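Here is the structure we will look at.
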Number of protein chains: 2
Amino acid sequence: MSVTPFRPIQGRRIFEEILDQLEQAILDGHISAGDRLPSERQLAEQFNASRTSVREAVRVLEALGVAKVKPGAENGAVLVEKPDDALRLLLRFQLALRHISIASVIEFRTVLEPWSARAASERATDDAISRMQAVLVAMGNPIVGPAEFHQLDATFHIEIARAAQNDLVVLVLDGARTSIERIMLDALSRVPDWPATRVRIRDEHAQIVNAIAKRRAEDAETLMKRHIRSFYDEIGL
Amino acid sequence: MSVTPFRPIQGRRIFEEILDQLEQAILDGHISAGDRLPSERQLAEQFNASRTSVREAVRVLEALGVAKVKPGAENGAVLVEKPDDALRLLLRFQLALRHISIASVIEFRTVLEPWSARAASERATDDAISRMQAVLVAMGNPIVGPAEFHQLDATFHIEIARAAQNDLVVLVLDGARTSIERIMLDALSRVPDWPATRVRIRDEHAQIVNAIAKRRAEDAETLMKRHIRSFYDEIGL
DNA sequence: ATAGGGCCAATTGTCCAACCAATCAACATG
DNA sequence: CATGTTGATTGGTTGGACAATTGGCCCTAT
């Protein structure tokens with residue numbers, strides 16, 4: 001086990017140089033979230049590069065969830081304000097390649113969701129708790145089918161992660177859930193007794209929110225752990 | 001709080017179509033990790049698209065840590081075997097944009113590293129434990145400076161995450177650490193008494209490995225939690 | 001027979017010029 | 001004042017061209 005002082009020599013490509021300069025510009029505060037980048041043609045001129053190279057750099061930013069691009073005058077590439085689905089594409093491909101397994105994604109949630117519930121119990125603002133309760137109300141509507149319910153479930157868990165006030169946890173937990181969204185939906189649509197399942201899940205959510213609102217961190221963590229496990233058990237994963 | 005059944009209409013671009021088809025090809029097992037993609041020109045012909053569109057798709061795959069590209073005959077785009085630094089670029093930009101904070105990355109580690117140590121205590125193979133001990137030996141060399149030590153420290157934590165046998169945890173924990181690597185190195189180089197620090201950190205590592213080897217999960221978790229906290233306290237973060 | 005150098009083919013990297021499509025603001029028109 | 005039109009700007013796409021890199025091949029000298 002030795003550490004060589006050598007580092008690989010790799011020909012830097014132009015679009016990588018552009019990416020580095022853009023990153024530095026962001027770090028230096030010259031451009032920040034919400035700002036619009038110059039047009040591809042202007043960037044090409046400023047970097048003294050071709051439009052193709054600039055496009056490749058922009059394409060990468062888009063794939064990383066850093067920028068969103070729209071054609072049209074007054075539009076262009078805009079640095080995103082909230083990195084919602086930054087990890088979505090990445091995890092989808094990593095799953096496809098079997099570099100990560102569905103089981104590991106599920107286990108990942110069983111670790112971080114309970115932590116989120118605990119942290120939320122200690123940090124949640126009254127506003128955050130109100131938003132959770134609003135989701136509960138929406139879930140109480142007997143009309144909602146599995147697909148809409150799943151959307152509400154996603155919102156619920158995101159709200160808790162946000163209340164835990166850890167940006168990175170929000171990011172990866174959201175990514176972990178959406179990366180296996182399709183599989184979950186398939187499984188949900190095959191649940192034998194949907195109305196009963198819906199009521200039970202909503203009930204578990206209600207208990208969790210209650211624990212968070214009463215600042216019972218230990219209970220919130222335990223309830224969440226049980227909730228996640230029973231959920232995946234129910235849909236057979 | 002209502003759920004509309006509408007979804008945004010977005011003009012699909014050619015490179016996105018190509019990405020989808022490539023993902024499907026991977027899911028269907030037509031191509032898998034380690035395989036070499038057809039050349040850009042061949043892909044352009046098969047998709048009936050221009051080389052530029054194919055290039056943008058390949059560029060995205062590269063940014064996601066899915067493929068590595070090298071010019072030259074017999075080379076080309078190869079699907080990576082291990083997604084080592086898939087998250088590196090993404091987290092770097094998310095950090096630059098202040099979408100995630102350094103504090104959240106550190107807290108993230110204080111949650112998942114102890115869990116890894118616990119899981120490793122229950123799941124580690126003898127081989128994995130041997131690799132951890134090998135890292136300890138290398139760390140015992142008084143010659144190693146902060147930079148090399150940090151590299152060994154990275155290897156140590158990766159080995160534990162691997163022993164915990166959760167692919168996703170390995171991925172995100174590695175990404176979390178490398179995303180703030182530069183900051184950590186700067187901080188490490190300013191440690192007042194480096195020899196003492198080195199010995200202390202190695203000692204903590206040794207205790208953790210010992211707990212894992214003896215399958216004392218509770219101890220491993222506690223020791224790791226203390227280790228991570230004291231580490232960041234020491235370098236003033 | 002083998003080691004080494006040099007050539008060649010295939011591939012990616014880059015650039016360019018042009019055109020298409022989408023978008024929005026300003027203007028014209030009723 | 002509402003509506004439709006137009007023009008400018010922007011990203012999307014294409015095809016072609018040349019440079020740089022790599023690896024395999026042959027050929028020669030030892």
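Quick note: numbers below take in every heavy atom, side chains included, and nothing from hydrogens, waters or symmetry partners. Just so we're clear, the structure is a prediction, and the values are computed from it rather than from any experiment. Chain A is the first sequence line, chain B the second, and so forth, proteins listed ahead of strands; every chain is numbered from 1.
No more than 12 heavy atoms of other residues, nucleotides or ligands sit less than 6.0 Å from atom CZ of R98(B). No more than 12 heavy-atom neighbours from other residues, nucleotides or ligands sit within 6.0 angstrom of CD on E45(B).
When distances are taken from the side chain of R36(A) to each of dT14(C), dT11(C), dT10(D), the shortest belongs to dT10(D). The S50(B) side chain lies nearest to dT14(D) when the options are dT21(D), dT14(D), dA17(D). With dG13(C), dT14(C), dT13(D) as the candidates, the nucleotide lying closest to the side chain of E40(B) is dG13(C). Comparing dT14(C), dC24(C), dT11(C) by their closest approach to the side chain of S39(B) singles out dT11(C).
Closest-nucleotide positions on DNA chain C for R51(A) and N48(A) were compared, and the one nearer the 5' end corresponds to N48(A). Mapping I14(A) and R41(A) onto DNA chain C by nearest heavy atom places I14(A) at the nucleotide closer to the 5' end.
At dT10(D), one or more side-chain N or O atoms of Q42(A) fall inside 4.0 Å of OP1 or OP2 (strictly under the cut-off). In this model, the phosphate group of dG15(D) is not approached by any side-chain N or O of T52(B) to a distance below 4.0 Å at OP1 or OP2.
Across the protein-nucleic acid pair, E16(B) atom CD and dG11(D) atom C1' stand 13 Å apart, rounded to whole Å. The distance between atom CG of L37(B) and atom C1' of dT11(C), rounded to the nearest whole Å, is 13 Å. Atom-to-atom, CD of E17(A) to P of dT14(C) comes out at 11 Å; the value is rounded to the nearest Å. Note: NZ (K70(B)) to C1' (dA20(D)) measures 14 Å, nearest angstrom. L43(A) places its CG atom 11 Å from the P atom of dT10(D), with the value rounded to the nearest Å.
Side-chain contact between F47(B) and I14(B) is absent, with no heavy-atom pair separated by less than 4.5 Å. The side-chain heavy atoms of L97(A) and V66(B), taken from C-beta on, include a pair separated by under 4.5 Å.
Separating the CD atom in E159(B) from the CD1 atom in I129(B) is a distance of 11.5 Å, to the nearest 0.5 Å.
Side-chain N/O atoms of R12(B) and base N/O atoms of dG12(D) include no donor-acceptor pair closer than 3.5 Å.
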- Message: Pair D28(A), Q24(A) - check side chain to side chain donor-acceptor pair (under 3.5 Å), show working.
- Response: CA-CA 6 Å; D28(A) 294 346; Q24(A) 198 57 47; 3.2 Å; yes

- Please assess H205(A) against D153(A) for the test side chain to side chain donor-acceptor pair (under 3.5 Å), listing each intermediate value before the final yes or no. CA-CA 9 Å; H205(A) 283 181; D153(A) 183 75; 3.1 Å; yes

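Listed in residue order, the members of residues 54-69 of chain B having a heavy atom less than 4.0 Å from DNA chain C are R55(B), R59(B), V69(B).
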